[in-house]
Amino acid sequence: MNQLRRATCGELTSADEGSAALLKGWVNTTRDHGGLIFIDLRDRFGLTQVVVDPRSAPAAAEVAASLRSEDVIAAQGLVRRRPAGTENRKLATGEIEIAAESIDVLNRSKTPPFPIHDDSDVDEGLRLRYRYLDLRRPHLQRSIALRHRAVKAVRDYLDSRGFLEIETPMLIKQTPEGARDFLVPSRLHAGAFYALPQSPQLFKQLLMVGGFHRYFQIARCFRDEDTRADRQPEFTQIDLEMTFPTQEDVIEIMEGMLAHMFEAALGAKVATPFPRLSHAEALRRFGSDKPDLRFAMELHDVGPAFTGTEFKIFADALSRGNAILALAETGGASRSRRDMDALAALATTFGAKGLAWISLAPDGPKSSLPKSALTPQLVDSLKAQTKAQEGDAIYLLADERSLAQAIAGKLRLHIADERGMRDPKQFAFCWVLDFPLFERDEESQGLQPAHHPFTAPAPGSEALSGDPLQLRAQHYDVVLNGMELGSGSIRIHDPALQRKIFTLLGYSDDDVERKFGFLLEAFEYGAPPHGGIALGVDRIILLMAGGESIREVIAFPKNQRFQDLMINAPTPVEPAALKELHVRTDIPPPRT
RNA sequence: GGCGCUGUAGCUCAGUUGGUUAGAGCGCCUGCCUGUCACGCAGGAGGUCGUGGGUUCGAGUCCCAUCAGCGUCGCCA
């Protein structure tokens with residue numbers, strides 16, 4: 001006599017033939033042939049076909065005939081090999097089926113608002129409203145499981161490298177700079193507020209002072225910024241910090257972790273070490289501080305080729321000290337004039353004043369440049385520098401250098417997208433190094449940190465002398481396929497240096513004391529040199545999954561307006577609740 | 001906050017120049033069907049054309065406003 005085996009819907013094979021099995025799950029689809037009913041039973045492990053024959057199991061057949069999509073049932077019967085020729089090779093369990101002896105309905109389902117058994121296109125608002133149903137669909141089942149495997153790989157790897165997972169608080173203090181904070185009113189302290197962390201930055205530094213040497217956390221972070229595609233008000237970071245590291249130490253651990261993550265979660269081999277570029281080189285060659293290295297199409301400074309040009313716009317640009325940058329598109333000569341105009345119009349939306357082009361057509365170059373400017377010497381020189389050949393096109397941008405780089409960088413990505421050169425199955429990592437310590441704040445014209453104010457200056461720059469904008473930082477970004485995965489730095493551990501940085505950034509002594517006094521005080525007690533990095537989990541999983549939207553890798557995401565359409569949040573609260581919190585609302589009247 | 005796209009059956013969509021009773025596929029309901037696996041066949045139900053106003057003899061279609069979803073830019077030390 002066979003013992004009854006409780007099985008998932010993904011595990012039975014012909015090896016189990018003859019055993020009695022009990023399966024529970026959702027009705028994926030049914031096929032009622034009148035005399036014979038097929039049920040595809042689903043759980044997260046797979047699909048198993050249950051067959052009900054009214055001659056041998058009349059009661060089960062009656063139940064089976066009443067089943068509808070998403071009913072939850074328990075089916076019991078013998079595992080048997082499917083008749084020859086009826087195997088389903090698309091299913092892991094496709095060699096067998098369950099010959100049902102009994103079927104119990106555990107719960108009925110209303111007709112779902114959208115199909116569950118496939119990934120057919122459905123309005124995202126509807127999916128978010130019924131997220132628990134959306135989660136049952138194959139796509140989200142896959143990406144949430146992928147996320148689990150990836151995060152588990154991170155924990156395993158960092159554990160093996162001596163890191164401790166430590167939680168840091170969610171109710172903390174408002175930070176003066178950076179993104180807007182979410183505030184939480186305190187009932188017990190009238191008029192005072194906690195803030196939700198934008199990152200565990202200060203706490204992880206204090207954990208280093210606290211002697212834990214190697215810390216990590218899968219940390220939830222909150223930023224109350226304006227909405228944007230691929231942004232969520234709460235998101236997750238792999239946050240880590242270590243004592244006594246060099247930049248090389250952090251890089252080595254990250255490369256190991258990412259390679260392990262991609263291997264363990266995806267089976268993808270990632271070559272290490274990753275290529276490295278300086279910040280300046282990334283901007284010069286790719287027009288971005290997060291270059292997509294899956295393809296070349298580099299930028300070229302072709303200013304010298306235009307010395308003495310008849311083309312007034314470029315001549316003027318050169319005389320003002322602006323740059324002329326070129327980008328060559330392989331096969332670009334096949335673009336029509338109209339296509340070129342569209343590209344130029346696009347460049348304008350990126351902030352370009354215009355876009356000149358030279359099409360290296362087989363019957364001679366065509367160009368938006370005036371004939372007089374398009375000398376053979378110029379064409380030869382551009383071809384030599386950009387390595388463009390007949391059949392290609394060369395695009396030219398003249399502007400202030402950093403602006404021209406940014407525009408050319410966007411154009412480069414756009415053309416690559418058009419040409420399908422950004423293969424989501426290919427993973428091109430790189431490090432961007434030698435960031436400036438400070439940037440010019442466009443609004444106030446003051447200094448702002450390129451990363452954050454705790455970043456240590458590069459060796460040799462500790463004196464902070466000379467032009468602050470020329471100072472380099474021990475700051476490193478890891479980039480994948482044109483997306484910044486994470487950003488880190490060696491931190492300042494010397495309280496005097498930290499004070500100097502705050503002063504350069506325009507903080508008064510009072511400000512520093514009030515906002516960062518606890519950190520500076522901690523540094524007075526033998527703070528070890530330390531550094532670390534934080535990586536965006538949602539983005540990494542998105543790139544692994546080859547998906548389009550970060551919402552595809554989060555179980556319960558907010559919509560584009562940062563609302564949860566399922567639970568309907570945020571919502572106004574009762575006046576009594578506000579009163580208890582000592583909070584009064586001041587809502588602007590609706591516009592009329 | 002700005003700009004763009006989209007709102008027609010439960011879902012995905014079509015709907016001509018403004019003109020009779022607004023359609024299709026899937027889903028749903030009923031019946032038939034013993035080897036299907038997106039089963040098949042026959043029949044049926046299902047619509048405030050997002051909402052409000054306007055133009056017109058007549059509006060799904062044109063205009064204005066508004067709401068919602070998605071995308072995009074500013075913003076994100």
Side-chain angles (χ1 to χ4, degrees), chain A residues 28-42 47-56 61 65-66 68-70 80 82-91 93-94 97 99 109-130 133 175-181 198-199 201 221-233 235 346 349-351 410 437-444 446-455 473 475 484 487 489 501-502 505-507 515 536 548-549 551 559-561 563 565 588 590-592:
Chain A
N28 198 54
T29 51
T30 60
R31 295 173 292 282
D32 185 345
H33 287 229
L36 199 61
I37 302 171
F38 298 95
I39 302 160
D40 283 348
L41 194 60
R42 184 194 74 236
L47 280 180
T48 299
Q49 175 167 284
V50 176
V51 190
V52 191
D53 186 337
R55 288 181 309 186
S56 54
S66 77
R68 296 293 178 267
S69 291
E70 301 310 305
R80 75 178 178 212
R82 293 193 189 188
T86 67
E87 300 89 351
N88 185 343
R89 275 171 232 300
K90 284 184 277 183
L91 293 181
T93 62
E97 61 193 9
S109 172
K110 286 168 71 173
T111 302
F114 50 80
I116 306 300
H117 68 272
D118 64 21
D119 286 320
S120 55
D121 218 14
V122 178
D123 175 73
E124 201 180 359
L126 195 69
R127 290 172 51 202
L128 288 170
R129 185 168 154 225
Y130 295 97
L133 296 180
T175 47
E177 296 289 335
R180 278 185 282 269
D181 290 303
Q198 292 179 27
S199 83
Q201 180 63 35
C221 305
F222 304 86
R223 290 181 193 176
D224 188 15
E225 276 308 313
D226 282 333
T227 65
R228 192 79 183 276
D230 267 12
R231 193 182 286 173
Q232 290 274 309
F235 59 97
L346 183 75
T349 69
F350 295 153
K410 285 181 186 171
L437 188 59
F438 300 114
E439 289 168 350
R440 170 89 54 213
D441 182 2
E442 294 300 333
E443 269 175 49
S444 69
L447 289 181
Q448 64 179 20
H451 181 40
H452 55 50
F454 317 111
T455 303
H475 165 190
E484 180 197 309
S487 202
S489 60
I501 296 276
F502 283 137
L505 290 171
Y507 288 90
K515 289 162 179 166
E548 304 268 298
S549 161
R551 295 184 291 265
N559 72 356
Q560 204 202 35
R561 297 180 62 197
Q563 298 160 310
L565 297 177
R591 288 174 303 159
T592 47

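Just so it is clear: chains get the letters A, B, ... in the order the sequence lines come, proteins before strands, and each one is counted from 1. Remember, it's a predicted structure, so these values are computed and weren't measured experimentally.
Distance Arg127(A) CZ to rC70(B) P: 11 Å, rounded to the nearest Å. Rounding to whole angstrom units, CG of residue Asp226(A) and C1' of rG71(B) are separated by 16 Å. Between the CZ atom of Arg231(A) and the C1' atom of rG71(B) there is a distance of 14 Å, rounded to whole Å. Summarising the geometry, the separation between CD on Gln201(A) and C1' on rA77(B) is reported as 11 Å, rounded to the nearest angstrom. Straight-line distance from the CZ atom of Arg561(A) to the C1' atom of rG1(B): 12 Å, rounded to whole Å. Going from atom CD1 of Ile116(A) over to atom P of rC28(B) covers 12 Å, rounded to whole Å.
Spacing of P atoms, rA22(B) relative to rU48(B), comes out at 12 Å, to the nearest Å. To the nearest whole angstrom, the two C1' atoms, one in rC29(B) and one in rG35(B), are 26 Å apart. Spacing between rU56(B) and rG74(B) at atom C1', rounded to whole Å, works out to 43 Å. Rounded to a whole angstrom, the distance from the C1' atom of rG54(B) to that of rA45(B) is 36 Å. Nucleotides rG4(B) and rC64(B) place their P atoms 12 Å apart, quoted to the nearest Å. Here, rU8(B) and rA14(B) have their P atoms 10 Å apart, quoted to the whole Å. A gap of 33 Å separates the P atoms of rG40(B) and rC49(B), to the nearest Å.
One finds a side-chain N or O of Arg68(A) lying less than 4.0 angstrom from the OP1 or OP2 phosphate oxygen of rC29(B). Taking only side-chain nitrogens and oxygens, Arg129(A) never comes nearer than 4.0 Å to OP1 or OP2 of rA68(B). The phosphate of rG69(B) has OP1 or OP2 within less than 4.0 Å of a side-chain N or O from Gln563(A).
Legend: residues meeting side-chain hydrogen bond (donor to acceptor under 3.5 Å, both in side chains) with Asp441(A), ordered by chain and number and at least two apart, are Ser444(A). Applying the salt bridge (charged side-chain N to carboxylate O under 4.0 Å, His left out) test to Glu70(A) and every residue at least two apart in sequence or in another chain returns Arg42(A), Arg136(A). Listed by chain and residue number, Glu97(A) satisfy the salt bridge (charged side-chain N to carboxylate O under 4.0 Å, His left out) test with Arg80(A) (two or more places apart in sequence, or in another chain). Evaluation of the salt bridge (charged side-chain N to carboxylate O under 4.0 Å, His left out) rule for Arg223(A) yields no partner, not counting sequence neighbours. Applying the side-chain hydrogen bond (donor to acceptor under 3.5 Å, both in side chains) rule to Arg31(A) yields the partners Thr29(A), Asp40(A), Gln49(A); only residues at least two apart in sequence or on another chain are considered. By the side-chain hydrogen bond (donor to acceptor under 3.5 Å, both in side chains) test, Arg129(A) is found to be paired with no residue, residues two or more places apart in sequence or in another chain being considered. Here Arg55(A) pairs with Asp53(A) under the salt bridge (charged side-chain N to carboxylate O under 4.0 Å, His left out) rule; sequence neighbours left out. Looking at residues two or more places apart in sequence or on another chain, you find no side-chain hydrogen bond (donor to acceptor under 3.5 Å, both in side chains) involving Thr227(A).
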* To do: Walk me through it: do Ile116(A) and Ser69(A) pass the test side-chain contact (heavy atoms from CB on, under 4.5 Å)?
  => CA-CA 8 Å; Ile116(A) 306 300; Ser69(A) 291; over 6 Å; no
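Nearest to the side-chain atoms of Thr111(A) among the listed nucleotides rC76(B), rG27(B), rG69(B) stands rG27(B). Checked against rG69(B), rC76(B), rG35(B), the side chain of Leu36(A) finds its nearest nucleotide in rG35(B).
Under 3.5 Å, the side chain of Gln560(A) and the base of rG71(B) form at least one donor-acceptor pair of N or O atoms. Asn559(A) contributes no side-chain N or O that forms a donor-acceptor pair with the base of rG69(B) under 3.5 Å.
Pro453(A) comes within contact range of at least one nucleobase, with a heavy-atom separation under 4.0 Å. Within the nucleic acid shown, Thr227(A) comes within 4.0 Å of at least one base atom, counting heavy atoms only. Using a 4.0 Å heavy-atom criterion, one finds that Arg440(A) contacts no nucleic acid atom at all.
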* Heavy atoms under 4.0 Å is the rule here; annotate nucleotides 36-47 of chain B 5' to 3' with B where the base is hit, S where only the sugar-phosphate is, and - elsewhere. => BBSB--------
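Legend: salt bridge (charged side-chain N to carboxylate O under 4.0 Å, His left out) pairs involving residues 109-122 of chain A, not counting sequence neighbours, sorted by first then second residue: Asp119(A)-Arg142(A).
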* Using Watson-Crick and G-U wobble pairs whose two distances are both under 3.5 Å, how do you write the pairing of RNA chain B as dot-bracket, with | for links to another strand? -> (((((((..((((.....[...)))).(((((.......))))).....(((((..]....))))))))))))....
Could you pull out the protein-nucleic contacts involving nucleotides 10-13 of chain B (nitrogen or oxygen on both sides, under 3.5 Å)?
residue	atom	partner	partner atom	Å
rG10(B)	O2'	Pro113(A)	O	2.9
rC11(B)	O4'	Pro113(A)	O	3.4
rU12(B)	OP1	Asp123(A)	N	2.4

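Side chains of Val51(A) and Leu36(A) form a contact here, defined as non-hydrogen atoms less than 4.5 Å apart. Contact of the Pro233(A) side chain with the Phe222(A) side chain is not registered, since no non-hydrogen atoms from C-beta on lie closer than 4.5 Å.
The neighbour count for Glu548(A) CD, taken as heavy atoms of other residues, nucleotides or ligands under 6.0 Å away, does not exceed 12.
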